[in-house]
Amino acid sequence: MAVISDFVFWCVCIILLSIVWKYFQRRRRWAAIIDKIPGPKGIPIFGVTWKMLTSRENIAKASRALLEPYGKYPVVRLWAGPFPVILLTKAESAKVLLSSNKHSDKAIFYRYLMNWIGDGLLTSTGHKWQQRRKLITPSFHFQILENFLLVMNEQSKILVQVLEKQSQQNVNSDFDIYPLISRCTLDIICETAMGQGVHAQLNADSEYLNAVNDLTRVIKMRMNRPWLSPNWIFRLTNAGKIEKEALKIVHGFTNKIIKMKRENFKTDDDLSQDNEEEILGKKRRVALLDMLLKESSSGNQPLTDEDIREEVDTFMFEGHDTTAVGISWALYCIGQLPAIQQKMYDELYNIFGDSDRDATTEDFHHMKYMDLVLKESLRCFPPVPTYGRAIKEKLEICGYEIPPGVTVIITPFLVHRDLANYIKPDEFNPDRFLAENSQNRDPYAFLPFSAGLRNCIGQKFAVMEEKAVISRILRSFVVTSVEEKDILSNLVGELVLRPIRGIKVKLQPRPKI
Ligand code: HEM
């Protein structure tokens, strides 16, 4: 027995030593190339990660302190623990990566999402991604989006009722609007993606809402704890058990809806006919899921229930928190600047007058100033502050070589603050997006929805949703937001750019002109 346990002990030692030896060999090869890229010095194994071991409130400041000395470089190198990470911080470096069709594989940290959203459009690569993107693109056709506007308008009106109650309960005091917006965007994405509401706005204790919140919390937490990376270790932890329970609820819900929709699809002529006009031309409620079933049935490779679930869950993940923080940060900015808010309201008044009618897509075309304000808000507070790629073959960016195996991170938060493209970048100035002020700007200087092959498929959906919700709020209330004196301490990049202390606002009923 003792001989066997000695043997096992030595085998484990040899395996561990060979892993460490291999790692140091690889690190040496990487370092010879990568340390030519400017960036802060790290210590062996721990890199610069130890400098980030601070409270959530201090993370943004710590990152700024770390990167500030390298502000003039378009490419910056970091050692995140034992691994090199390359940051692209300017339009000219982001352009090289995003315009290439070779480097579209997602970075390793996306795998933490996969227990929830599987290998769907956001996380998949190669042929699978190409096929899915082709199949899903028609679901975001502008006529389909028009259909979703019904839901966006309905939910915006419910939001206004919820906000009326809140402001009556908080006369002369502020309250956090972010969780209320988050429930509204969850209701919108549930109904548009699955055709089934979860009524999170009216029932804050919804099982589905709690499960989605648990999932995002656990995924965020896991990203900061590399030792929880292997699934088998993670599953043994409390967080792993919370995730398992939440997945049971979320996947259970999606599976139930898919089953129901499949049954209806077989008997619903309008949807199952291979005639796009039938769906596109009609004012009937079609969910993204219906479109997937339709596209899948007309192609030669029908999607399985599992395939459909991963796409629907991807929409749920991508289309909820992103729009929630997008709208919330926009309200923060608008609430700080009464003159800008008044100009937006005047535009809305010209469109709607005193009427309480719903917004149409035609109205959105007339919201020219709103467009500028939303762009400026997405510039200052990009909802997805970073996104990453795994480099599979040698790449050169702005004169620096990036070897295969390395993670590259695009940082819209920094790209959007580059002095070469934005004068006084910390100032909120919607006019910088007027045609005459932006004609010479590099198109890769504005990247809230990424660019190139893997850009956001839901971009038009998101902008439409922002306009529907914000126009409804501004038609009903004058918004004043509580100024964050130290804005960096209210920012944390946890999948989305989250406001740590929320977005505190006061709302007063909008006086009629
Ligand atoms: C303000 C709101 C939104 C922002 C800022 C945003 C931003 C982004 C960004 C930056 C990416 C690229 C991520 C990467 O490369 O890893 C992306 C991808 C994606 N987004 Fe959005 N998004 C928003 C809303 C939405 C909505 C509403 C939906 C769906 C209804 C959606 C669906 C997707 C999907 C499926 C992808 C993956 C596309 C692919 O790889 O082919 N997004 N989004």
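These numbers were taken from a predicted model, which means no experiment stands behind them. Both counts, for ligands and for their atoms, begin at 1 and track the order of listing.
The aromatic rings of W329 and Y332 lie perpendicular to each other, with more than 60° between the two planes, well past the 30° mark.
Applying the 6.0 Å contact sphere to CD of E207 captures no more than 12 heavy atoms from other residues, nucleotides or ligands.
Ion pairing between a basic and an acidic side chain is recognised when a charged N comes within 4.0 Å of a carboxylate O; K368 and D371 show no such pairing.
Taking all atoms of both residues into account, the shortest heavy-atom contact from P403 to I391 is O-CG2, 3.9 Å. The minimum heavy-atom distance linking M370 with L348 is given by the pair CE-CD2, 4.3 Å.
Residue pairs meeting the ring-ring contact (aromatic ring centres under 6.0 Å, His included) criterion with at least one member in residues 98-118, sequence neighbours excluded, are W116-F317.
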I'd like the atom pairs linking ligand 1 to the protein - N or O on both sides, separation under 3.5 Å - with distances to 0.1 Å.
| unit_1 | atom_1 | unit_2 | atom_2 | d |
| --- | --- | --- | --- | --- |
| ligand 1 | 15 (O) | K106 | NZ | 3.4 |
| ligand 1 | 15 (O) | R389 | NH1 | 3.1 |
| ligand 1 | 15 (O) | R389 | NH2 | 3.2 |
| ligand 1 | 16 (O) | K106 | NZ | 3.0 |
| ligand 1 | 16 (O) | Y110 | OH | 2.5 |
| ligand 1 | 20 (N) | E318 | OE1 | 3.1 |
| ligand 1 | 40 (O) | L121 | O | 3.3 |
| ligand 1 | 40 (O) | R454 | NE | 3.0 |
| ligand 1 | 40 (O) | R454 | NH2 | 3.2 |
| ligand 1 | 41 (O) | W129 | NE1 | 2.8 |
| ligand 1 | 41 (O) | R133 | NH1 | 2.7 |
| ligand 1 | 43 (N) | E318 | OE1 | 3.2 |

